[in-house]
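Report on the structure given below.
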Amino acid sequence: MLRQPILLLARSQGVKRLVSTMPVSSGIVTSYVPGETTADAVDATAALVADGLRVTLDHLGEDTTDAARADATVAAYKELLADLSSRGLAAHAEVSVKLSAIGQMLPGDGRTVALENAREICHAARNAGTTVTLDMEDHTTTDSTLAILRELRKDFPETGAVLQAMLRRTEADCRELAYEGSRVRLCKGAYMEPDTVAFQDRIDIDKSYVRCLKVLLGGQGYPMIATHDPRMVTIAASLASRFGRQPGTYEFQMLYGIRPEEQKRLAAAGETVRVYIPYGTEWYGYLMRRLAEKPQNLGFFARSLVSKK
C-alpha cells in the first residue's frame, strides 16, 4: 500500500530538498549508495571483486533536460571507465547507463543526442576492455530505448539491454532479444506504471517474471537475472538446469547492499554474480525507488533523518 505514495515522493522537489540537505553518511542511504565520487565507486568495486563478485556501475542521474548536464554525465562515465582500467578492474566491471541522463529528454531530437552520447560511452568502455548496459526507465521511454539499443548494437553488439517484467509487453520483448550474443537483464521493475501497460499485483508480476525467464534461458542470448527474491533465484537455477545452461552462460544480478551474503553464497557455488553499484550526488530518486520496493525501510529512514544534528 505504501509503494505508490513513496514513488510519488520520489518526484517531490520539496522532499528532495529536505532529504538532500542531510548528510549522506549513515543509515539507509549508505546501505544502498557507497558514495558520491568516482573514487568511492571504484573502491567499492575493488572490494566486491576481491570477494569474487562482478560489478555494474551507475552514475546516478536521470530526466536531464540540460545539454551541459548530459555532457557532464558522459564525462563522468569516461572518467570512471579510465579509472577501472587503470586499477585492473575493467574485466570484472561494466557500466549501466540511463539514456535520460545523457540527452534522451532534451528538447528537439533528444534521441539522436542520447544515441551519440551512448556511442561515446560504448567506445570508451570497449577501449577499457568492458561493456555497457542500457538501463530501462518508465514505460514512456521503452520504445525509444530499444530503438537506440538496436542502433548501438550495429557497432557495439555487446551492449546490454534491460527489460522489466511488470510491463505487459515484456514477454514479447524477451522473444525479440533472446538471440545469440544478446545480453539481457531481466528485472521486475521499480517505476509507478498505469494498469493499462503494467501488471499491478505482485503475484502477476512474479508470474510474468517466470514466463520471461523461460524465454531468455531457453533462448540463445546471455540472460542477466536481476532479483533478490529467494523464490526467483531458486526458480531461475532450476530453469537454467532444465535448459542445459552451464554457469557462465547466464548471471545473477543484485543491488549493492541487498542480500550481500547471498551474493557471496551464489558466487562460492560457482554462479556468476554481478552487483549493481549506484554512485553520485543524484542519489535521491534511486533511494526512493529502493524504499518503494521495501517500504519497511521507510520508518528507519525517517528516524535517521530526524536524528541528524
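Along the sequence shown, residues are numbered consecutively beginning with 1. Computed from a predicted structure; not experimentally measured.
Remark: the backbone N or O of His228 is paired with a side-chain donor or acceptor of Arg259 at under 3.5 angstrom. Listed for the Ser85 side chain is no donor-acceptor partner under 3.5 Å among the backbone atoms of Ala82. With hydrogens and angles disregarded, no donor-acceptor distance shorter than 3.5 Å links the side chain of Asp40 to the backbone of Pro34. Between the Gln200 side chain and the Glu193 main chain, a donor and an acceptor come within less than 3.5 Å of each other. Of the possible donor and acceptor atoms, one in the side chain of Ser182 sits under 3.5 Å from a partner among the backbone N and O of Leu177. Side chain of Asp138 to main chain of Thr140: a donor-acceptor pair is present (N/O by atom type, distance under 3.5 Å, no hydrogens or angles). Side-chain atoms of Arg183 never come within 3.5 Å of backbone atoms of Gly221 as a donor-acceptor pair (strictly under, hydrogens ignored). Side-chain atoms of Asp51 do not come within 3.5 Å of backbone N or O of Leu53 as any donor-acceptor pair. For the pair Glu251 (side chain) and Tyr222 (backbone), a donor-acceptor distance under 3.5 Å is absent. Without hydrogens or angle criteria, Thr249 side chain to Arg245 main chain gives no donor-acceptor distance under 3.5 Å.
With ring centers used as reference points, His59 lies under 6.0 Å from Tyr279.
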_Pair Gln104, Ser144 - check side chain to side chain donor-acceptor pair (under 3.5 Å), show working._
CA-CA 8 Å; Gln104 190 179 32; Ser144 172; 3.0 Å; yes
*Checking side chain to side chain donor-acceptor pair (under 3.5 Å) for the pair Tyr209/Asp204: CA distance, chi angles, key distance, verdict?*
CA-CA 9 Å; Tyr209 195 92; Asp204 291 327; over 6 Å; no
_Worked check of side chain to side chain donor-acceptor pair (under 3.5 Å) between Asp229 and Thr227_ = CA-CA 6 Å; Asp229 186 336; Thr227 182; 5.2 Å; no
*Could you go through the side chain to side chain donor-acceptor pair (under 3.5 Å) check for Glu94 and Thr133 one step at a time?*
CA-CA 8 Å; Glu94 59 144 44; Thr133 293; 3.0 Å; yes
*Assess whether side-chain contact (heavy atoms from CB on, under 4.5 Å) is satisfied between Leu239 and Ile235, documenting all intermediate values.*
CA-CA 6 Å; Leu239 288 172; Ile235 290 169; 3.8 Å; yes
_Does Arg126 form a salt bridge (charged side-chain N to carboxylate O under 4.0 Å, His left out) with Glu158? I'd like the steps, not just the answer._
CA-CA 9 Å; Arg126 181 177 285 177; Glu158 66 273 21; 3.1 Å; yes
*Can you list the steps and then say if Leu167 with Thr142 is a side-chain contact (heavy atoms from CB on, under 4.5 Å)?*
CA-CA 10 Å; Leu167 296 183; Thr142 303; 3.9 Å; yes
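Salt bridge annotation for Lys188-Asp206: present, with a cationic side-chain nitrogen under 4.0 angstrom from a carboxylate oxygen. Between Glu282 and Arg69, at least one side-chain nitrogen of the basic residue sits less than 4.0 Å from a carboxylate oxygen of the acidic one, meeting the salt-bridge criterion. Looking at Glu261 and Arg265, no side-chain N of the basic residue comes within less than 4.0 Å of a carboxylate O on the acidic one, giving no salt bridge. With respect to Arg211 and Glu171, a salt bridge is recorded, a charged nitrogen being found less than 4.0 Å from a carboxylate O. At a threshold of 4.0 Å, the pair Glu120-Lys78 counts as salt-bridged, since one of the basic side-chain nitrogens sits closer than that to a carboxylate oxygen. Under the 4.0 Å criterion applied to side-chain N and carboxylate O atoms, Asp143 and Arg169 are assigned as salt-bridge partners. No salt bridge links Arg168 with Asp173; every basic N to acidic carboxylate O contact stays at or beyond 4.0 Å.
Looking at heavy atoms from C-beta onward, Val275 lies out of side-chain contact with Arg54 at the 4.5 angstrom threshold. The shortest side-chain heavy-atom distance between Ile148 and Arg111 falls under the 4.5 Å cut-off. Side-chain atoms of Tyr256 and Leu48, non-hydrogen and from C-beta on, do get closer than 4.5 Å to each other. With a 4.5 Å cut-off on side-chain heavy atoms, Lys98 and Thr64 do not count as touching. Counting heavy atoms from C-beta outward, Thr45 and Ile277 have side chains that approach closer than 4.5 Å. For the pair Cys174/Leu163, a side-chain contact is recorded, criterion being any heavy-atom separation below 4.5 Å from C-beta on. In this structure the side chain of Met224 never reaches within 4.5 angstrom of the side chain of Cys187, judged on heavy atoms. Here the side chains of Leu217 and Tyr250 are in contact, with some heavy-atom distance below 4.5 Å.
In this structure, Met105 and Ser100 approach most closely via the heavy-atom pair CG-CB, 3.9 Å. Across all non-hydrogen atoms, the minimal contact from Thr145 to Asp135 is CG2-O, 4.1 Å. Closest approach of Ala70 and Gly103 over heavy atoms only: CB-N, 3.9 Å. Between Ala190 and Met166, the shortest heavy-atom distance links the atoms N-SD, 4.4 Å. When all heavy atoms are compared, the tightest approach of Ile102 to Asn117 is O-ND2, 2.8 Å. Considering all non-hydrogen atoms of both residues, Tyr77 and Ile121 come closest at CD1-CD1, 3.9 Å.
No single ILVMFWY cluster, assembled from side-chain heavy atoms under 4.5 Å apart, contains both Leu60 and Val55. At a threshold of 4.5 Å between side-chain heavy atoms, the hydrophobic network of Ile, Leu, Val, Met, Phe, Trp and Tyr places Val233 and Val184 in one connected group. Tracing side-chain contacts under 4.5 Å through hydrophobic residues (I, L, V, M, F, W, Y), one never reaches Ile258 starting from Leu186; they form parts of separate clusters. Under a hydrophobic-cluster definition in which Ile, Leu, Val, Met, Phe, Trp and Tyr are linked whenever side-chain heavy atoms come within less than 4.5 Å, directly or via other members, Leu266 and Leu255 are assigned to different clusters. Met136 and Ile205 end up in different hydrophobic clusters when Ile, Leu, Val, Met, Phe, Trp and Tyr side chains are linked at under 4.5 Å.
Note: Cys212 SG to Arg175 CZ = 8.5 Å, rounded to the nearest 0.5 Å. The line from CG of Leu216 to CD1 of Ile225 is 8.5 Å long, rounded to the nearest 0.5 Å. Atom-to-atom distance recorded for Gln253:CD and Thr272:OG1 is 10.5 Å, nearest 0.5 angstrom. Within the model, atoms CG of Leu152 and CG of Leu134 stand 6.0 Å from one another, a figure rounded to the nearest 0.5 Å. If you take NE2 on His123 and CG on Leu81, they are separated by 11.5 Å, rounding to the nearest 0.5 Å.
When each of Gln263, Met232, Glu271, Glu262 is checked for a side chain to side chain contact (heavy atoms under 4.5 Å, CB included) with Phe252, only Glu271 meets the rule.
Thr281 and Glu36 are not linked by any side-chain donor-acceptor pair at a separation below 3.5 angstrom, with hydrogens and angles left out of the test.
Residue Glu116 qualifies as enclosed at atom CD: its count of foreign heavy atoms under 6.0 Å is above 12.
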